[in-house]
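Just so you know, these numbers come straight off a predicted model, no measurement behind them.
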Amino acid sequence: MKCHIAQINIARALAPIDDPVMAGFVARLDDINAVADSSPGFVWRLKTDDGNATSLNPYDDDHILVNMSVWQSIDHLKHFVYRSAHAQVMRQRKSWFERIRDPYTALWWIEPGHIPTIAEAKERLAYLRLYGDTEFAFSFTRVIHPPGMLQSVE
């Protein structure tokens, strides 16, 4: 079975997105989104007409920012997250975001062509927080491959 990998990750900003505290993050946002868009294996990402998702408020807390994307494979997603310019920005996240103790990233397999909704992604993250890594939602720590798919070797 050929599947794509969907992901949601959330972060709680230290201040509103237009606050000077967030300026360094905002300054890098377009560049990092462009890296994602041009990365091998990239399929889709959540965005508004502004080109990002910072104006969306899917949680009751306006300081929680949400990011969602779809990739052709877990290896493509890992490469973007850990080996592209995105990783440099992630190393600076303490400057802009609070530490979240619960899981803040959830991954799940989807059929090619399916675009996940925010409600679907929130459900996956909530499930992961309640039950840990399962076929329904899992983390980078314990990737659960879909039935019939061999684990890739890096």
Enquirer: Please give me the minimum heavy-atom distance between P58 and K122, naming the atom from each residue.
Expert: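 Here P58 and K122 meet closest at O-NZ, 2.5 Å.
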Enquirer: Hey, what do you get for CZ (R142) to CG (L107), rounding to the nearest 0.5 Å?
Expert: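 Rounded to the nearest 0.5 Å, the CZ-CG separation comes out at 13.0 Å.
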Enquirer: Consider only side-chain heavy atoms of I, L, V, M, F, W and Y, link residues closer than 4.5 Å, and tell whether F138 and F136 are in one cluster.
Expert: no
Enquirer: Sequence neighbours left out, cut at 3.5 Å: what donor-acceptor pairs do the side chains of residues 88-98 make with other protein atoms?
Expert:
| unit_1 | atom_1 | unit_2 | atom_2 | d |
| --- | --- | --- | --- | --- |
| R93 | NH1 | M90 | O | 3.0 |
| S95 | OG | Q92 | O | 3.3 |
| E98 | OE2 | R12 | NH1 | 2.6 |

Enquirer: Would you check if M68 and W44 make a side-chain contact, meaning some heavy-atom pair closer than 4.5 Å?
Expert: yes
Enquirer: What pairs with H63 under side-chain hydrogen bond (donor to acceptor under 3.5 Å, both in side chains), at least two apart in sequence or on another chain?
Expert: none
Enquirer: Is there side-chain contact between S139 and T105, with at least one heavy-atom pair below 4.5 Å?
Expert: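 No. Closest side-chain heavy atoms not under 4.5 Å.
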Enquirer: Sequence neighbours left out, what passes side-chain contact (heavy atoms from CB on, under 4.5 Å) with L130? Give chain and number order.
Expert: none
Enquirer: Answer with yes or no whether the hydrophobic clustering places Y82 together with V143; edges join I, L, V, M, F, W, Y residues whose side-chain heavy atoms lie under 4.5 Å apart.
Expert: yes
Enquirer: Is it the case that one hydrophobic cluster holds both I115 and L46, taking links as side-chain heavy atoms less than 4.5 Å apart, direct or via other members?
Expert: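 Linked, I115 and L46 end up in one cluster.
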Enquirer: Verify the cluster assignment for I100 and L56: are they in a single hydrophobic cluster under the rule of side-chain heavy atoms below 4.5 Å apart?
Expert: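 Cluster IDs for I100 and L56 match.
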Enquirer: Under a single-linkage definition using a 4.5 Å side-chain heavy-atom cutoff for Ile, Leu, Val, Met, Phe, Trp and Tyr, are I118 and I8 assigned to the same hydrophobic cluster?
Expert: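 Linked, I118 and I8 end up in one cluster.
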Enquirer: Do the side-chain N and O atoms of N52 and N33 include a donor-acceptor pair separated by under 3.5 angstrom?
Expert: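 There is no such pair between these side chains.
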Enquirer: For residues N67 and Q7, report the shortest heavy-atom separation together with the two atoms involved.
Expert: OD1-NE2, 2.6 Å
Enquirer: For L125 and Y104, work out which heavy atoms get closest and say how close.
Expert: CD1-C, 3.9 Å
Enquirer: Would you give me the side-chain donor-acceptor pairs under 3.5 Å for residues 19-32, sequence neighbours excluded?
Expert:
| unit_1 | atom_1 | unit_2 | atom_2 | d |
| --- | --- | --- | --- | --- |
| D19 | OD1 | V21 | N | 2.8 |

Enquirer: How about V70 and P116: do any of their side-chain heavy atoms sit closer than 4.5 Å?
Expert: yes
Enquirer: Out of curiosity, N9 CG to S69 OG, how far, rounded to the nearest 0.5 Å?
Expert: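 Answer rounded to 0.5 Å: 7.5 Å.
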Enquirer: Would a 4.5 Å heavy-atom cut-off, applied to side chains only, mark I10 and L65 as touching?
Expert: no
Enquirer: Between W108 and E120, do the side chains contain an N or O donor and an N or O acceptor separated by less than 3.5 Å?
Expert: yes
Enquirer: Could you pull out all residues at least two apart from H76 that satisfy side-chain hydrogen bond (donor to acceptor under 3.5 Å, both in side chains)?
Expert: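 Listed in chain order: S73.
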Enquirer: How close do A137 and R124 get, heavy atom to heavy atom, and via which atoms?
Expert: CB-O, 3.3 Å
Enquirer: At what distance, to the nearest 0.5 angstrom, does NZ of K47 lie from OG1 of T54?
Expert: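 Result: 13.0 Å between the selected atoms.
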Enquirer: Minimum heavy-atom separation for H86 and V81, please, with both atom names.
Expert: ND1-O, 3.1 Å
Enquirer: Would you please name every residue forming a ring-ring contact (aromatic ring centres under 6.0 Å, His included) with W71, sequence neighbours left out?
Expert: F42, F80
Enquirer: Starting at OG of S39, measure out to CG of L77 and round the result to the nearest 0.5 Å.
Expert: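 Those atoms lie 10.0 Å apart.
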Enquirer: Would you indicate whether the side-chain heavy atoms of D133 and L128 approach each other to under 4.5 Å?
Expert: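 They are in side-chain contact.
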